[in-house]
Amino acid sequence: MKLARSFYSRPAITVARELIGKILVRRVGTREVRARIVETEAYVGEHDLACHAAKGRTARTEVMFGMGGHAYVYLIYGIHHMLNVVCSVEGDAQAVLIRAAEPLGEWRVNLTGPGNLARGFQISRSDNRLDLTGDALFIINGCTPPPRVARTQRVGVDFSGHWKNRLLRFLDPDSPAVSHWKKSRPTKREAKSHCA
DNA sequence: GCGTCGATGGCA
DNA sequence: GCCATCGACGCG
């Protein structure tokens, strides 16, 4: 079942947590690929210094100020595209960064890390503003939700003052596809204590 | 197994 | 001049 506008029109923190275990679907021509989302990050609005919208309404951030359920895609470090899902209602610039997923079916590709994920799904700036309630790129419910969801600090936002400490990253601790995780992967006992 | 670093482009 | 990154490399 395709996620409707109402799913996205909620706070990014709620959407980020609920997206773990859901299936991202991409249709390009007759080809369709699917992957299970295992890692997300919430960017919660203009007051969140790690959120691009903290710079206010610009040509780049405009889409984040719009209705939830649209894609926000941008290029970072001149190399990697990032796929975000706009959340909340018009005027409230919140978004969720999709950071990692597990390819489904016969599809073999590395979707660990937001750069790899965008490359695997062939997401580029031309997909910016794409409506996720349409048929080209959308998300559906997974068969089985993950038994647990862990929370940690967001990755790569050291510049954002106290916002870097907020636990706004959500992940499936049992997935091998989570980024920056194997290194410090806690024991099952520790992971349990992280559960959201 | 770990830290460091270079690539490269849009944006303010 | 800054980055919501990745992967290669060097050290040990």
Side-chain angles (χ1 to χ4, degrees), chain A residues 8 11-20 24 35 37-66 68 70-88 92-103 108-130 132 137 139 149-172 175-187 190 196:
Chain A
Y8 301 105
I13 192 162
T14 304
V15 174
R17 182 172 52 233
E18 293 189 16
L19 279 180
I20 302 299
L24 181 60
I37 296 168
V38 298
E39 181 184 353
T40 61
E41 279 178 2
Y43 288 83
V44 300
E46 290 179 84
H47 57 296
D48 175 358
L49 297 182
C51 182
H52 289 173
K55 302 211 184 279
R57 212 184 258 259
T58 68
R60 181 207 213 181
T61 63
E62 183 63 28
V63 63
M64 262 198 290
F65 286 85
H70 293 262
Y72 167 42
V73 179
Y74 64 91
L75 187 66
I76 190 68
Y77 301 116
I79 297 177
H80 304 290
H81 292 277
M82 303 281 110
L83 171 62
N84 298 252
V85 171
V86 175
C87 298
S88 192
D92 184 17
Q94 301 197 35
V96 170
L97 171 63
I98 312 291
R99 288 191 56 90
E102 297 171 356
R108 298 284 177 272
V109 64
N110 175 20
L111 302 176
T112 296
N116 290 331
L117 183 139
R119 191 183 56 193
F121 273 94
Q122 295 181 47
I123 301 286
S124 70
R125 277 171 94 307
S126 63
D127 297 303
N128 193 34
R129 298 169 178 271
L130 197 62
L132 300 178
L137 181 68
I139 302 173
V149 175
R151 293 179 68 156
T152 75
Q153 295 177 179
R154 293 175 292 187
V155 175
V157 294
D158 288 348
F159 61 89
S160 62
H162 71 277
W163 282 96
K164 73 175 188 292
N165 301 321
R166 296 284 305 277
L167 302 180
L168 294 174
R169 176 175 175 236
F170 297 85
L171 55 90
D172 174 354
S175 172
V178 170
S179 68
H180 298 266
W181 184 247
K182 286 176 189 170
K183 290 187 263 256
S184 59
R185 185 160 191 165
T187 63
E190 283 167 339

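For the numbers below, each heavy atom of this structure counts, side chains included, while hydrogens, waters and symmetry mates do not. Residue numbers begin at 1 in each chain, while the letters A, B, ... track the order of the sequences.
Here the P atom of nucleotide dT5(C) and the CD1 atom of I79(A) are 12 Å apart, to the nearest Å. Note: NE2 (H80(A)) to P (dG10(B)) measures 15 Å, nearest angstrom. The separation between R60(A) atom CZ and dG9(B) atom P is 15 Å, rounded to whole Å. Atom OH of Y72(A) is separated from atom C1' of dA4(C) by 9 Å (rounded to the nearest Å). Residue L75(A) contributes atom CG, which lies 14 Å from atom P of dA12(B) at whole-angstrom precision. M82(A) has its CE atom 15 Å from the P atom of dC11(B), to the nearest Å. Y77(A) places its OH atom 15 Å from the P atom of dC5(B), with the value rounded to the nearest Å. A straight line from NZ of K55(A) to P of dG1(C) spans 15 Å, rounded to a whole angstrom.
When distances run from any side-chain atom of T58(A) to the nucleotides dG10(B), dA4(C), dA12(B), the shortest one goes to dA12(B). Of the listed nucleotides (dC6(C), dA12(B), dA4(C)), dA4(C) has the atom at the smallest distance from the side chain of M64(A). Candidate nucleotides dG9(B), dA4(C), dA12(B) were compared by shortest atom distance to the side chain of Y74(A), and dA4(C) ranks first.
At a threshold of 4.0 angstrom between heavy atoms, the contacts of S160(A) with the nucleic acid are absent. R154(A) comes within 4.0 angstrom of no nucleic acid atom, judged by non-hydrogen atoms across all strands. In this structure, L97(A) reaches the bases: a heavy-atom distance under 4.0 Å links it to at least one base atom across the strands shown. At the heavy-atom level, Y43(A) lies under 4.0 Å from base atoms of the strands shown.
In plain terms, the two heavy atoms of S175(A) and V38(A) that are nearest each other are OG-CG1, 3.4 Å. Between Q122(A) and D127(A), the shortest heavy-atom distance links the atoms O-OD2, 3.7 Å. The shortest heavy-atom contact between A95(A) and M64(A) is CB-SD, 3.8 Å.
With Y74(A) as the aromatic partner, R125(A) does not meet the cation-pi criteria of under 6.0 angstrom to the ring centre and within 45 degrees of the ring axis.
For the salt bridge (charged side-chain N to carboxylate O under 4.0 Å, His left out) with E39(A), the lone residue among R169(A), R151(A), R154(A) that qualifies is R169(A).
With contacts defined as side-chain heavy-atom distances shorter than 4.5 Å, the pair F121(A)/L83(A) does not qualify.
Within residues 108-127 of chain A, the residues having any heavy atom closer than 4.0 Å to DNA chain C are, in order of number, T112(A), G113(A), P114(A), G115(A), N116(A), R119(A).
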Return one dot-bracket line describing DNA chain C 5' to 3' (Watson-Crick or G-U wobble pairs, both distances under 3.5 Å; ( ) same strand, [ ] crossing, | another strand, . none). |||.|||||||.
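T112(A) places no side-chain N or O within donor-acceptor distance of the main-chain N or O of V178(A), the cut-off being under 3.5 Å. In this structure, the side chain of T61(A) engages the main chain of T58(A) through a donor-acceptor pair within 3.5 Å.
Side-chain contact check for R119(A) and N116(A): at least one donor-acceptor pair (N or O, by modelled atom type) lies under 3.5 Å. Side chains of Y72(A) and H52(A): a donor on one and an acceptor on the other come within 3.5 Å.
Across the C1' atoms, dG7(C) and dG10(B) are found 22 Å apart, a figure rounded to whole Å.
Distances shorter than 4.0 Å separate some side-chain N or O of H52(A) from OP1 or OP2 on dA4(C).
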